[in-house]
Amino acid sequence: MGQFISEVKRTHRCGELTGKNVGERAVLFGWVHTRRDHGGAVFIDMRDRTGLTQVVFDPSLANVPEPLRSTLDGASVAAAHQLAHAQLRSEFCFGVEGVVVSRGENVNPKMKTGEIEVVAVRLEIFNRSEAVPFPLDDDIDTAEDKRLAYRYLDLRRRPLQEALVQRSRANRIVRSYFGEREFVELETPFLVKYTPGGARNFLVPARLSPGKFYALAESPQLFKQLFMVAGFDRYFQLVKCFRDEDLRLDRQPEFTQIDVEMSFVSQDDVFTEIEGLLRRLWKELLNVELPVPFPRMAFDESMRRFGNDKPDLRFGLEHVELTEVIKAHPEGGLPLFVEAVEQGGIAKAIRVPARHPLSRKEQDELETVCKGMGAKGLARAKVGESGEWTQSPLAKTVTPGLRQAINAATGAEAGDLLLFQFGKESVVHTVLANLRLHLGKKLKLIPEHGTDGRWNFLWVVDPPLFEYDEEQERYVAAHHAFTRPHDEDVPLLETDPGKVKCYRYDCVLNGFEIGGGSIRLHDPEVQARVFQALGISEAEAQEKFGFLLQALKFGAPPHGGIALGMDRLAMLMAGAPSLRDVIPFPKTQKGTDLMTDAPGSVSAEQLAELKVRTLAVEPPRE
RNA sequence: GGGCAGUUAGUUAAGUCGGUUAUAACGCCGGCCUGUCACGCCGGAGGCCACGGGUUCGAGUCCCGUACUGCCCGCCA
């Protein structure tokens with residue numbers, strides 16, 4: 001044991017052997033991927049992270065041509081075969097020394113290395129393996145929780161290895177891109193002071209300040225602005241961020257951002273830098289030329305046409321605004337519609353073209369989907385040959401005038417299906433935005449998971465600076481309080497804050513928000529007015545953001561930036577169905593780690609040392 | 001906090017109207033096999049049907065609850 005490694009060094013990797021290597025001596029290290037034992041000859045598909053090579057243990061050396069054959073030690077070959085036959089099993093880790101030979105008639109065109117095989121002259125088993133709990137093939141349908149419990153085995157599988165290797169290359173590209181462009185890579189603290197608002201923070205008890213807590217940084221936002229004040233001019237960082245919010249397919253509690261901040265830039269300058277980066281990533285990793293500049297869409301337009309601020313532009317099924325149409329037909333015969341509109345709500349529809357027929361049952365399923373998102377129901381109407389509505393309770397009540405107006409607004413033709421939502425604007429938008437995505441997948445306009453080679457990038461721009469919070473009955477910052485409003489809207493800060501647009505932007509790809517940022521507010525006078533509009537007093541602002549406000553007083557440059565979600569980028573570039581597939585050790589939707597069983601209990605002593613007492617029902621161990 | 005779906009052998013699944021020994025494939029173990037590559041053939045082991053309660057003469061199957069997993073709404077400045 002161990003001798004093998006000190007005596008011989010690896011000469012090749014499994015995935016890189018080709019016909020050009022025929023005749024070479026080869027030493028390979030790897031794992032048993034599959035084994036086919038014919039008694040007389042044993043075939044092993046040997047795997048390392050580069051791929052597979054067939055290793056054959058054949059004491060007859062039938063496939064080794066002379067004069068090479070007579071140079072090989074027959075006794076050693078026979079011993080290797082015997083060991084392979086008797087012991088070598090799935091997922092054993094082993095080393096092999098042999099010669100690369102052509103497979104001749106037996107070429108396997110399905111394998112990258114199918115032209116050749118390695119005839120084993122010497123075998124060393126480094127470590128045996130228990131039977132693995134699930135197959136390690138490329139395509140498996142093993143339940144996620146079992147894969148996560150044995151993540152180190154799941155990570156032996158090629159799709160995950162390739163995704164992670166690609167992500168590693170992406171990191172390198174990011175660093176060289178920004179490095180070449182005079183950006184400085186700077187680090188920021190993870191243990192920071194808690195600031196209210198925004199994402200919920202993970203808290204870390206501060207042992208040296210009993211009773212006090214650090215927060216884990218949800219982003220380096222304020223620090224990177226201070227880099228600008230300090231004059232670093234152009235900053236980037238690949239940085240972990242932590243947010244204690246509920247998880248989704250594309251959200252993990254700890255994730256990585258490509259964090260960027262620049263001084264003396266406009267919104268367009270930021271876009272140009274980022275488009276250049278994304279172009280480089282797509283070119284080098286996917287060999288795809290992304291057209292630039294990316295299209296831009298106003299936030300309001302995105303909400304109107306798609307019901308959210310991250311539209312998937314790969315397919316239609318756009319929302320059709322019907323509020324005004326209904327208002328124009330007060331006699332229309334749609335009490336529910338009218339009621340919703342009168343109460344300040346809106347009415348919208350999606351038209352499903354006749355070429356995508358949906359059965360009654362499928363329509364009912366759509367209604368279930370909608371109800372799950374807060375809809376009261378899903379009104380629908382099938383459009384007949386002469387524009388009449390059928391298969392709908394609306395058919396009898398709606399007046400011909402309103403019906404024709406709605407048909408005209410939606411562009412409805414015979415055989416089309418109209419799906420309506422009416423009520424509170426936020427609910428209508430949520431329901432229809434998700435219904436549109438659901439339909440897109442159901443009708444195979446976009447894939448259920450992963451990508452289809454279409455890359456529809458989009459900048460969503462000019463959102464409102466404030467959002468009205470109905471619970472608190474006041475305006476809150478839609479992004480953060482340091483976003484620069486459009487100059488022409490500044491007067492509205494006092495008169496109509498809801499109308500103020502700002503230099504905030506999101507980068508959207510195929511319906512995923514892959515990045516967002518803003519041009520920052522560096523004018524103290526406007527800043528004060530923004531705080532006032534938010535109802536934040538001078539004292540309050542000082543307490544929360546005092547260090548930043550102070551910093552902005554010392555000749556702060558105009559600046560702005562963006563943060564890109566590295567995990568989401570990696571997921572989309574890999575065509576992976578989930579963020580978990582590009583994170584080596586991800587967490588479940590409940591934020592647990594099924595391998596380490598984190599989060600775990602701690603001892604009473606540990607808690608006492610931190611001056612922390614838990615109210616949880618389950619007492620800590622020990 | 002809420003909605004939907006799921007949980008049966010190591011894995012993936014089937015399991016009819018509630019009925020007596022819970023199936024299959026793959027994997028695993030043993031045997032045979034010299035050109036396989038989804039190797040083949042023969043044999044074998046392997047199950048608290050997630051957990052708890054209920055209905056019933058009888059529950060994998062029906063009902064209620066809990067846990068866990070996934071997707072979504074809320075949440076994510």
Side-chain angles (χ1 to χ4, degrees), chain A residues 33-45 52-63 81 85 89-91 103-111 113-114 117 119 129-137 139-150 195-201 218-219 221-222 241-253 255 365 368-375 426-427 430-431 433-435 437-438 441 448-449 463 465-467 469 471 475-483 504 513 516 518 534 544 565 577-578 580 588-590 592 594:
Chain A
H33 188 66
T34 50
R35 153 177 178 271
R36 294 174 295 279
D37 188 344
H38 290 236
V42 179
F43 299 94
I44 301 288
D45 289 340
L52 299 174
T53 282
Q54 172 163 292
V55 178
V56 58
F57 295 89
D58 180 356
S60 78
L61 296 174
N63 210 28
H81 168 261
H85 170 69
R89 294 293 181 273
S90 192
E91 295 306 322
R103 288 213 214 172
E105 300 288 301
N106 300 314
V107 163
N108 182 353
K110 291 181 206 160
M111 280 179 85
T113 60
E117 64 189 359
V119 174
S129 172
E130 292 183 11
V132 290
F134 50 85
L136 302 187
D137 302 330
D139 294 306
I140 59 172
D141 38 19
T142 302
E144 194 88 23
D145 51 345
K146 294 181 176 81
R147 293 173 49 195
L148 290 174
Y150 297 92
T195 49
R200 186 180 295 116
N201 291 96
E218 63 192 69
S219 80
Q221 181 60 44
L222 301 179
C241 302
F242 306 88
R243 295 183 187 172
D244 186 10
E245 296 292 347
D246 286 5
L247 281 64
R248 287 286 188 281
L249 176 83
D250 61 348
R251 276 160 40 185
Q252 283 273 314
F255 59 99
E365 284 166 7
T368 305
V369 169
C370 291
K371 282 181 172 172
M373 286 174 300
S426 59
V427 176
T430 296
V431 170
N434 286 290
L435 178 63
L437 284 175
H438 184 86
K441 289 172 183 171
E448 186 75 32
H449 298 294
L465 180 61
F466 304 118
E467 279 170 1
D469 184 317
E471 279 182 25
Y475 283 100
V476 297
H479 178 45
H480 62 61
F482 309 103
T483 302
R504 154 150 182 85
E513 183 197 321
S518 63
L534 287 169
K544 288 176 182 172
S578 165
R580 288 186 294 270
T588 70
Q589 191 146 36
K590 283 229 164 55
T592 61
L594 296 177

* What is the pairing partner of B:G35, taking Watson-Crick or G-U wobble pairs with both distances under 3.5 Å in any strand? -> none
* **Identity of whatever pairs with B:U66 - Watson-Crick or G-U, under 3.5 angstrom** => B:A50
* **A:Glu448 CD - B:C72 C1' separation (whole Å)** => 12 Å
* Looking at the side chain of A:Ser578, which of B:C71, B:U69, B:C73 is the nearest nucleotide? -> B:C71
* Asked: Between A:Arg243 (side chain) and A:Glu218 (backbone), is there a donor-acceptor pair under 3.5 Å?
  -> yes
* Asked: Side-chain N or O of A:Thr592 less than 4.0 angstrom from OP1 or OP2 on B:U69?
  -> yes
* How long is the line joining NE2 of A:His438 and P of B:C71, in whole Å? -> 16 Å
* To do: On the 0 to 90° scale, with breaks at 30° and 60°, tag the A:His81-A:His85 ring pair as parallel, tilted or perpendicular.
  => parallel
* Protein-to-nucleotide contact annotation, 5' to 3' order, nucleotides 33-39 of chain B [B base; S sugar-phosphate only; - none; under 4.0 Å, heavy atom] -> BBBBBSB
* **C1' gap between B:A5 and B:A9, integer Å** => 24 Å
* Can you tell me how far C1' in B:A45 sits from the matching atom in B:U34, rounded to whole Å? -> 30 Å
* Would you classify A:Arg251 as touching base, sugar-phosphate or nothing, given that sugar-phosphate means primed atoms plus P, OP1 and OP2, and contacts are heavy atoms under 4.0 Å? => base
* Structure fact -> In Watson-Crick or G-U wobble terms, with both distances under 3.5 Å, the base opposite B:G30 is B:C42
* Asked: Expressed in angstrom and rounded to an integer, what is the separation of A:Asn201 atom CG from B:C75 atom P?
  -> 18 Å
* Any strand is fair game: report the nucleotide pairing with B:A9 by Watson-Crick or G-U wobble, both distances under 3.5 Å, or none. => none
* **Rounded distance in Å between the P positions of B:A25 and B:G31** => 22 Å
* Sugar-phosphate, base or nothing in reach of A:Arg248, heavy atoms under 4.0 Å -> base
* Under 4.0 Å between any heavy atoms, over every strand shown, what does A:Glu467 touch: base, sugar-phosphate, or nothing? Just pick one. => nothing
* Structure fact -> Looking only at heavy atoms, the pair that brings A:Thr113 and A:Leu52 closest together is OG1-O, 2.6 Å
* Looking for any heavy atom pair under 4.0 Å, which part of the strands does A:Arg504 touch: base, sugar-phosphate only, or nothing? -> nothing
* Reckon A:Thr588 has a side-chain N or O less than 4.0 Å from the OP1 or OP2 of B:C68? -> no
* Asked: According to the interplanar angle, ranging from 0 to 90°, do the rings of A:Phe466 and A:Tyr475 count as parallel (below 30°), tilted (30 to 60°) or perpendicular (above 60°)?
  -> tilted
* State whether A:Arg580 places a side-chain N or O below 4.0 Å from either non-bridging phosphate oxygen (OP1 or OP2) of B:C71. => yes
* **Any-strand Watson-Crick or G-U partner of B:C71, both distances under 3.5 Å** => B:G3
* Are any side-chain N or O atoms of A:Asp58 and backbone N or O atoms of A:Ser60, one a donor and one an acceptor, separated by less than 3.5 Å? -> yes
* Please determine, for the side chain of A:Arg243, which listed nucleotide (B:C28, B:C76, B:C72) has the closest atom? => B:C76
* Structure fact -> For A:Arg103 and A:Gly114, the nearest pair of non-hydrogen atoms, with its separation, is NE-O, 3.3 Å
* Among side-chain atoms of A:Asn108 and A:Gln54, is any donor-acceptor pair under 3.5 angstrom? -> no
* Asked: Partner of B:G58 by Watson-Crick or G-U wobble geometry, both contacts under 3.5 Å, or none?
  -> none
* **Identified pairing partner of B:G18, criterion: Watson-Crick or G-U wobble below 3.5 Å** => none
* Nearest-angstrom distance, C1' atom, B:A13 to B:G6 -> 13 Å
* Euclidean distance, atom CD of residue A:Glu218 to atom P of B:C75 [Å, nearest integer] -> 16 Å
* Structure fact -> Nearest-nucleotide check on RNA chain B, A:Ala481 vs A:Met373; residue mapping nearer the 5' end is A:Met373
* To do: Any chance you could lay out the salt bridge (Lys or Arg N to Asp or Glu O under 4.0 Å) test for A:Glu245 and A:Arg251, step after step, and finish with the verdict?
  => CA-CA 9 Å; A:Glu245 296 292 347; A:Arg251 276 160 40 185; 5.9 Å; no
* Hey, are the side chains of A:Arg147 and A:Ile140 touching, using non-hydrogen atoms and a 4.5 Å cut-off? -> yes
* To do: For residues A:His438 and A:Val369, report the shortest heavy-atom separation together with the two atoms involved.
  => CE1-CG2, 3.7 Å
* **Heavy-atom donor-acceptor pair, A:Asp246 side-chain to B:G74 base, under 3.5 Å** => yes
* Proximal nucleotide (of B:C28, B:C72, B:U69) relative to the A:Glu144 side chain -> B:U69
* Asked: In whole Å, what is the span from the CD atom of A:Gln589 to the P atom of B:A67?
  -> 16 Å
* **A:Leu247 CG to B:G70 P, straight-line distance once rounded to whole Å** => 9 Å
* What distance, rounded to whole Å, do you find between the two P atoms, one in B:U21 and one in B:G58? -> 16 Å
Output one line per pair: protein atom, nucleotide atom from nucleotides 8-11 of chain B, and distance, for all N/O pairs under 3.5 Å.
{"unit_1": "B:G10", "atom_1": "O2'", "unit_2": "A:Pro133", "atom_2": "O", "d": "2.6"}
{"unit_1": "B:U11", "atom_1": "O4'", "unit_2": "A:Pro133", "atom_2": "O", "d": "3.4"}

* Asked: Which is true for A:Thr368 with a 4.0 Å heavy-atom rule: it touches a base, it touches only sugar-phosphate, or it touches nothing?
  -> nothing
* Separation between the P atoms of B:A59 and B:G44, rounded to whole Å -> 31 Å
* Determine the Euclidean distance between corresponding P atoms of B:G60 and B:U23; express it in Å to zero decimal places. => 14 Å
* Check A:Gly40 against A:Pro59 and note the closest heavy-atom contact, atom names and distance. => O-CD, 3.4 Å
* Asked: Starting at CG of A:Leu437 and ending at P of B:C71, how long is that distance when rounded to a whole Å?
  -> 15 Å
* What closest approach, in Å, do A:Leu249 and A:Pro577 show between heavy atoms, and which atom pair accounts for it? -> CD1-O, 3.1 Å
* **Whole-Å distance separating the CD atom of A:Glu91 from the P atom of B:G27** => 14 Å
* For A:Gln589 and A:Leu247, indicate whether the former's side chain and the latter's backbone hold a donor-acceptor pair under 3.5 Å. => yes
